[in-house]
There are 4 protein chains.
Amino acid sequence: MDDTPRGKVLSAAGHLFREHGYERTTVRDIAAAVGIQSGSLFHHFASKEDILKAVMIDVIRFNTARMRNALAEAHDPQAKLRALITCELESIVGDTREAMAVLVHCWDSLSEDRQAEVLALRKIYEELWLDALREAAKLNLITVDPFILRRLIAGMISWSNTWFDPRGSMSFAELIDTILQLVTRSAR
Amino acid sequence: MDDTPRGKVLSAAGHLFREHGYERTTVRDIAAAVGIQSGSLFHHFASKEDILKAVMIDVIRFNTARMRNALAEAHDPQAKLRALITCELESIVGDTREAMAVLVHCWDSLSEDRQAEVLALRKIYEELWLDALREAAKLNLITVDPFILRRLIAGMISWSNTWFDPRGSMSFAELIDTILQLVTRSAR
Amino acid sequence: MDDTPRGKVLSAAGHLFREHGYERTTVRDIAAAVGIQSGSLFHHFASKEDILKAVMIDVIRFNTARMRNALAEAHDPQAKLRALITCELESIVGDTREAMAVLVHCWDSLSEDRQAEVLALRKIYEELWLDALREAAKLNLITVDPFILRRLIAGMISWSNTWFDPRGSMSFAELIDTILQLVTRSAR
Amino acid sequence: MDDTPRGKVLSAAGHLFREHGYERTTVRDIAAAVGIQSGSLFHHFASKEDILKAVMIDVIRFNTARMRNALAEAHDPQAKLRALITCELESIVGDTREAMAVLVHCWDSLSEDRQAEVLALRKIYEELWLDALREAAKLNLITVDPFILRRLIAGMISWSNTWFDPRGSMSFAELIDTILQLVTRSAR
DNA sequence: TATGAATGAGCGTTCATTCAT
DNA sequence: AATGAATGAACGCTCATTCAT
C-alpha cells in the first residue's frame, strides 16, 4: 500500500499484531519483517505502542474516507444503509481486514491517552452511521432505536471476521443482503 | 461463587484477564488478588495457561448446563429461541460476564492443544443452538441459514458486553425482545 | 539392601543422584521413588544435603569393611594388592556402583563441613591402601612412590565406571589382571 | 586469552563451572564476573547451556590442535606416546585445566543434542590416541589392548587434576615419565 | 510419622528501549 | 537514518523447606 519505511512498518505490524496479538509480537519481529534492526524502528516511531496507535488511526481514516465516498453516491436511506453495511463488511473481511482485527483485538493494549486519540476519530466514523440510521428511523425503515441497532449491527459485522470466508457457501453480496434484511424487514 | 483456593484463583484470574488481558496479567497479580504467594499458584495449576484454560472450561460448562435447564422448560421452537438468547445474553452481560469476555478475548493466548480441549466443550454448546435453529427453520420461524444466523446472533450478543448496561435506557428484557424480533420477524 | 524407610530413601537417592546429578534431582523425585510425600522426607533427614552425605558415608563404610575382610584373607603383599584392586573395582563397577559414582560426581555439592565428615572416613579407607603399597614398595614389588601410585590407580579404577562393561570383550578378572600387571611389572 | 566479550564470558564461565558446578553457577554470577548485566549475556549466547557447550568445544579444539602439533614433531612411536601423555597432562593440570575439568564434570548437564555435537569433536581427538597406541602395539611397545589401555591412561591423567601440584614433591616431567613407564614397561 | 498447602528466594530468559558509533 | 551491544526490570516457574493438621 505504502512504500515508505513508515508504511512498511505499519503493514508488517498490522499483520503480526493480528496474527499473534500485540504483546506476543516483539519489536524485533516487526523489524525483521521489514528488514531492519529493532533499534532502527525507533527512528520512525517513539514506542511500540505508537506503532499500534498508528495502525489503528490509519485504518480508521482510510475507512471513514471510503464510507464518505460511498455515502455520497447513495441517494436514499435504503441505499445509504446498504452502503454503510457494504463498506464496514468490506473493511472487516476485505483489504483492511488485518488492521481492523487489530483495532478490535488490541484495544486494551493501548494506554488510555492513546485510546482517547483513536476514539476521537472513531466518533466521526460512528456519526456517519448514526446519521443514516436516524434518517431511516424517521421513515420507519427500521424500528429499533438507532443507537441500539448500530451496536447490534456492529456486533454482527465485526464478528464476521471470525467465520466469513468469501470462498465459502455464502458470497459477500449474500451476506450484505442477509444483514440488510434482518435489519430492515423487522420494520414491516 | 467457589470458596476453594482453586475457585478463588479462577475468579481473580477471570477478573484480571478481562481487565488487562492475559499477557499483561502476571501470575504475581493473580496471586496477590487471592492473597497468596505467586509460587503457591502452582500447587493448584501447572501453568499460567492452565489457569486460562480452566477459566474458559468452567464458564462453558456452567453456561451449557444453564442452557440445557432453560431448554428443558421451553416447549415450542419460539420459546426455545428465546431461552437460548436469554441464556447467552445472561452469560455475556450477567454473572459470568468476565469469564465470557476472557473466552473471546484471550482465545489466541491459548496453545493449540488447549484450544482443542476447550473447543470440544464449545461444540456441545453450539449443537444446542444449531438444533433449535434447525427446528425453527423447518417451521419457517427463521429464513436465514441456521449456521449463518447462529454466527450473526453470536456477533450481536457477544458484542453487547462492550456497550449494554442494564441500568441504561434499555432493559435486559427489551434487549432480548429486540434481538428475537430481528431474528424471527425477518421470516414473515 | 535395607528395608527401612531410611534405607529405601538412600537407595532411591543414590540411583537418582547418579542418573541426573544432585542438583537436578528434586526431593520430590526422591520421595516419589520411595512412595511418600516430599514433606515426609524431612522426618528422616534434616536436609537434602544430609541425604547426599548419608549416601556417601554408607558406601564408604560398607566398602571399607569389605576391604578389611578381603585383606584379612590375603597373606602376602602381592595378594593384598590384588585384594585391594579387586575390592575397589567391585565397588566401582559392581553392587555399590551408583553410590560410588555419586561419591565422585557429587562431591562439590556437599558443603565444606559435610565434606570434612566424609573425608574423615575416606582417610581410614585410604590408609588401608597406603599400608599395603608401602609394604609392596619395601619388597620392590612396586617402584613408583606409594602415594603417587595410589592416585594413578585410583584414577584408572574410578574412571572404569565410565566404560567398563562386564558383558563386554574384557572380563572383570581380566581387568584386575591388567591393572595389576601395569602396577607391578613396572617394578621388574 | 581472548579479549572479545565472547572470550571473556567463556573464561569466566569455565572458572565458575569448575569451582561450583554448572547448576550452582547462575547466569548472574557469570555476568557479574565479566562486568555486564545478566540479560546482556544473551546477546552472545542463546542459553546458559550453550555457554557450557562453547566452553567444551573450545577446549577440545584447542587441545586437539596442540596435540597434532606435538605429534608432528615426534618421529617414533615411543616419542609419540610421550607427546600424547605430555599434551593431555598439560591440558589437565596446565593452562586449560579449568575447561577440561568442566568437560568431565559437567558432562551430564548438557542435553543429548549438545552432547552429540561435543562428542563428534572428542572423537577426532581420541582417534589421535588410538592411532598411536595401535602403532605402539604392533611394535610390542605395549601389550594391553589399545582401546583398554587408552581408558586406563585417561583415568590416570584425568584424575591427576584432583591431586597433582607442580610445586609438590613430584615434577611435571617426573609424572610424565612415571605414567610412560607404567604403560610401556609392562610390555617387557 | 505422614501429609500437602504454602512459602519466598531465586532461577533462566525476554524484551522495549537507549545510545555511541 | 541505521546499527547492534547493552541495559535492567520484569516475567513464568522451580524447589528445598516449614508447619498446622
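So you know, we letter chains A, B, ... as the sequences are listed, proteins then strands, and number each from 1.
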> When the distance from CD of Gln37(C) to P of dC19(F) is rounded to whole Å, what number comes out?
Replying inline: 19 Å
> Which nucleotide sits closest to the side chain of His43(D): dT17(E), dA16(F), dA6(F)?
Replying inline: dA6(F)
>> Using a 4.0 Å heavy-atom cut-off, does Ile36(C) contact any base of the nucleic acid, only the sugar-phosphate backbone, or nothing at all?
In response: sugar-phosphate
>> Can you tell me whether the side chain of Arg28(D) and the base of dG10(E) have a donor-acceptor pair closer than 3.5 Å?
In response: no
> Base, sugar-phosphate, or nothing for Ser38(D), non-hydrogen atoms under 4.0 angstrom?
Replying inline: base
> Between dA16(E), dA6(E), dG8(F), which nucleotide gets closest to the side-chain atoms of Ser40(B)?
Replying inline: dA6(E)
>> At 4.0 Å (heavy atoms only), tell me whether Thr26(A) reaches a base, stays on the sugar-phosphate, or touches nothing.
In response: sugar-phosphate
>> Is there a side-chain contact between Met56(D) and Trp107(D) in this structure, where contact means two heavy atoms from C-beta onward sitting under 4.5 Å apart?
In response: yes
> When the distance from CZ of Arg24(D) to P of dG10(E) is rounded to whole Å, what number comes out?
Replying inline: 14 Å
> Heavy atoms under 4.0 Å, any strand shown: does Thr4(B) hit a base, just sugar-phosphate, or nothing?
Replying inline: nothing
>> Using whole Å, what does the distance between atom P of nucleotide dC15(F) and atom CG of Leu16(C) come to?
In response: 13 Å
> What nucleotide, of dT17(E), dG12(F), dA16(F), holds the atom closest to the side chain of Val27(B)?
Replying inline: dG12(F)
>> Measuring from atom CG of Leu52(A) to atom CG of Leu110(A), what distance do you get when rounded to the nearest 0.5 angstrom?
In response: 5.0 Å
> If a stem is a run of at least 3 consecutive Watson-Crick or G-U pairs, both distances under 3.5 Å, which stems include DNA chain F?
Replying inline: E:2-21 with F:2-21
> Are Asp2(C) and Thr4(C) close enough that a side-chain donor and a side-chain acceptor fall under 3.5 Å?
Replying inline: yes
> Starting at CZ of Phe42(C) and ending at P of dA5(E), how long is that distance when rounded to a whole Å?
Replying inline: 17 Å
> Are any of the side-chain nitrogens in Asp58(A) or Arg6(A) under 4.0 Å away from the carboxylate oxygens of its partner?
Replying inline: yes
> Atom CZ of Phe45(C) to atom P of dA2(E): distance rounded to whole Å?
Replying inline: 12 Å
> Are Arg24(A) and Asp29(A) within salt-bridge range, i.e. N to O under 4.0 Å?
Replying inline: no
>> Looking at Tyr22(A), I'd like to know if the NZ or CZ of Lys48(A) sits under 6.0 Å from its six-membered ring centre while staying within 45 degrees of the ring's axis.
In response: yes
